[in-house]
Chemist: 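Sharing a structure with you now.
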2 protein chains.
Amino acid sequence: MAGYPSIFVTVDIVVLTIRGERLHVLSIRRGEPPYVRRLALPGGFVDQDEDLDTAARRELNEETGLDIGDVWLEQLRTYGAPRRDPRARTVSVAYLAVLADQPEPEAGTDAAAARWWPVDELSPKRLAFDHATILADAVERARGRLEYAPLAAAFCADEFTIAELRRVYEIVWGRSLEPANFHRKVTRARDFVVSTGRREQRGSGRPARLYRRGGATQLHPPILRDTSLSS
Amino acid sequence: MAGYPSIFVTVDIVVLTIRGERLHVLSIRRGEPPYVRRLALPGGFVDQDEDLDTAARRELNEETGLDIGDVWLEQLRTYGAPRRDPRARTVSVAYLAVLADQPEPEAGTDAAAARWWPVDELSPKRLAFDHATILADAVERARGRLEYAPLAAAFCADEFTIAELRRVYEIVWGRSLEPANFHRKVTRARDFVVSTGRREQRGSGRPARLYRRGGATQLHPPILRDTSLSS
DNA sequence: ATAATAGTGTCTCTTAGACAATATTTC
DNA sequence: GAAATATTGTCTAAGAGACACTATTAT
């Protein structure tokens, strides 16, 4: 295989969460060229003896100091335009990660420059490399995954109410949903959520039942966005 | 970036077509170790100054000699387990390609060892590297894409009948479909197929209208597998 | 005429969305 | 009690599958 070009392989992770009713992404202020002071997705080089998923998990931990006990992590796609990094030829395997709301990343670590940004405040110009494209693809993927996978529960704390789950859909999709119909759909989907039997007061009004994540990996039946608008 | 590990980046392409009422995949008999005489997916190294999609297209052409004027080509996912290739650390960006039925690949080229194999005759043991996994993922992706994208038409010649399109669904999904309902769904989906106005006799019976691919990139509404079996 | 396939009509059942109605809290 | 939110009930319309029916060809 001597003579063949070898290339730097990185992972970049789009970490999404919801804070204060808005979708946020974790980004890092770059301290060095290229793209000094621009924002970048957390990521880094894949080690020589490391699986891609493992690399993503490691970088997420190193660069953010987040507790990533159960994080939703899935491969998004791979970006390899020849000049996407002006320093050298790199190919980046991008990941989508979803977390429940977290405290601000800890200072004093690699994560010092890490910050949560509302996705809709990040104009493409502010992001380094091709990270604006990666972010856009990730958000689109997340929107789609909500229909067929129990991704929404990953945005929630360990125990949550149906209304909180609905807020996830509403925020990520950017549209409001009928509480009554949503409730029925979620509880009908097999193993999406499991009732804890307990209730809890969140705000005013009747207290809601608490649920936790069920074992499903797919939603049956799916919870679809209304696509009839485009017909 | 000196000091960081550099890695070989390859593309591997799962080329699917339908021949004689069965789903086939293009594979290449390996002539050298590792995995001598085992079957492998067409693919190769990404050049230093080449986009990933371009590399996939180039390899497809070089290794198969196929006319790839309009081929369906989409990135599948990236495989990077540390020891997936015993010679060196490689990361492979896998692609799914779909073609209309083609003549047997030409001899005398790189494609000499290329052959179409029925997918269901390829036991995982016969495939080199992690290509059995890649193939399985690709077939699963294709099955899913049929629901939401006009992928089925890529399996057909330039002009085709609704019945031919239905056979694609039936073969890839492995289940039979109601001709009447299928006809309605396909013609209702916007810009999936466009009538040529002409008709053609294919076999006995009333001649069928000929269609060609429409401009849609998504199917509205989708053509769903009946998922009620799993409810 | 009979067989075969293309394409349309129609019936029934399920599901989605709209929204009324009830339940259980806080103020 | 009034307001707020949770949860259930019900109505209606659209879509899916089943299948009867018509259309157009070969034999």
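Here is how names work: the chains are called A, B, and so on, in the same order as the sequence lines, proteins then strands, and each is numbered from 1. All values below come from the heavy atoms of this structure, side chains included, with hydrogens, waters and symmetry mates left out.
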Chemist: Between A:Glu200 (CD) and D:dT5 (P), how many Å, whole number?
Modeler: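 Answer to the nearest Å: 16 Å.
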Chemist: Rounded to whole angstrom units, what separation is found between the OH atom of A:Tyr169 and the C1' atom of C:dA16?
Modeler: 15 Å
Chemist: Quick test of your reading of the model: are B:Glu147 and B:Arg145 salt-bridged, counting only N-O distances below 4.0 Å?
Modeler: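 Looking at B:Glu147 and B:Arg145, the cut-off is not met.
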Chemist: Tell me, please, whether A:Trp117 has A:Arg126 positioned over its six-membered ring: NZ or CZ under 6.0 Å from the ring centre and within 45 degrees of its axis?
Modeler: yes
Chemist: Nearest heavy-atom pair of B:Val71 and B:Val98: which atoms, and what distance?
Modeler: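 Heavy-atom minimum between the residues: CG2-O, 3.5 Å.
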Chemist: Salt bridge or not between B:Arg84 and B:Asp12? Use side-chain N to carboxylate O under 4.0 Å.
Modeler: yes
Chemist: If you measure from the Lys or Arg side-chain nitrogens to the Asp or Glu carboxylate oxygens, is any gap between B:Glu159 and B:Arg198 under 4.0 Å?
Modeler: yes
Chemist: Would you call B:Arg22 and B:Glu121 a salt bridge, using N to O less than 4.0 angstrom?
Modeler: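 Looking at B:Glu121 together with B:Arg22, the answer is yes, because their closest N to O distance falls below 4.0 Å.
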Chemist: Which parts of nucleotides 21-27 of chain D does protein reach within less than 4.0 Å, heavy atoms only, written one letter per nucleotide 5' to 3' as B for base, S for sugar-phosphate only and - for none?
Modeler: --BBBS-
Chemist: Take the C1' atoms of the five end pairs on each side of the helix from C:dA1-D:dT27 to C:dC27-D:dG1, derive the two axes, and give their angle rounded to 10 degrees.
Modeler: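 The helix from C:dA1-D:dT27 to C:dC27-D:dG1 shows an end-to-end axis angle of 10°.
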Chemist: Sugar-phosphate means primed atoms, P, OP1 and OP2; the rest is base. With that split, encode nucleotides 15-20 of chain D 5' to 3' as B, S or - using protein heavy atoms under 4.0 Å.
Modeler: -SBBB-
Chemist: Rounded to the nearest 0.5 Å, what separation is found between the CH2 atom of B:Trp72 and the CZ atom of B:Arg213?
Modeler: 10.5 Å
Chemist: Given C:dT8, is OP1 or OP2 found less than 4.0 Å from the side-chain N or O atoms of B:His183?
Modeler: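 It does, given that an N or O in the side chain of B:His183 lies less than 4.0 Å from OP1 or OP2 of C:dT8.
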Chemist: Rounding to a whole Å, what distance do you find between B:Leu210:CG and C:dA6:P?
Modeler: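 Those two atoms, CG and P, are 12 Å apart.
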Chemist: Going by the side-chain hydrogen bond (donor to acceptor under 3.5 Å, both in side chains) test, name the single residue among B:Lys185, B:Arg184, B:His183 that passes it with B:Asn181.
Modeler: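 Only match with B:Asn181 under side-chain hydrogen bond (donor to acceptor under 3.5 Å, both in side chains): B:Arg184.
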Chemist: Can B:Glu21 and B:Arg167 be counted as an ion pair, charged N to O under 4.0 angstrom?
Modeler: yes
Chemist: Can you measure A:Glu164 atom CD to D:dT7 atom P for me and round it to whole angstrom units?
Modeler: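 Checked: the CD to P distance equals 11 Å.
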Chemist: Find out whether the Lys NZ or Arg CZ of B:Arg77 is both under 6.0 angstrom from the six-membered ring centre of B:Tyr79 and within 45° of the ring's axis.
Modeler: yes
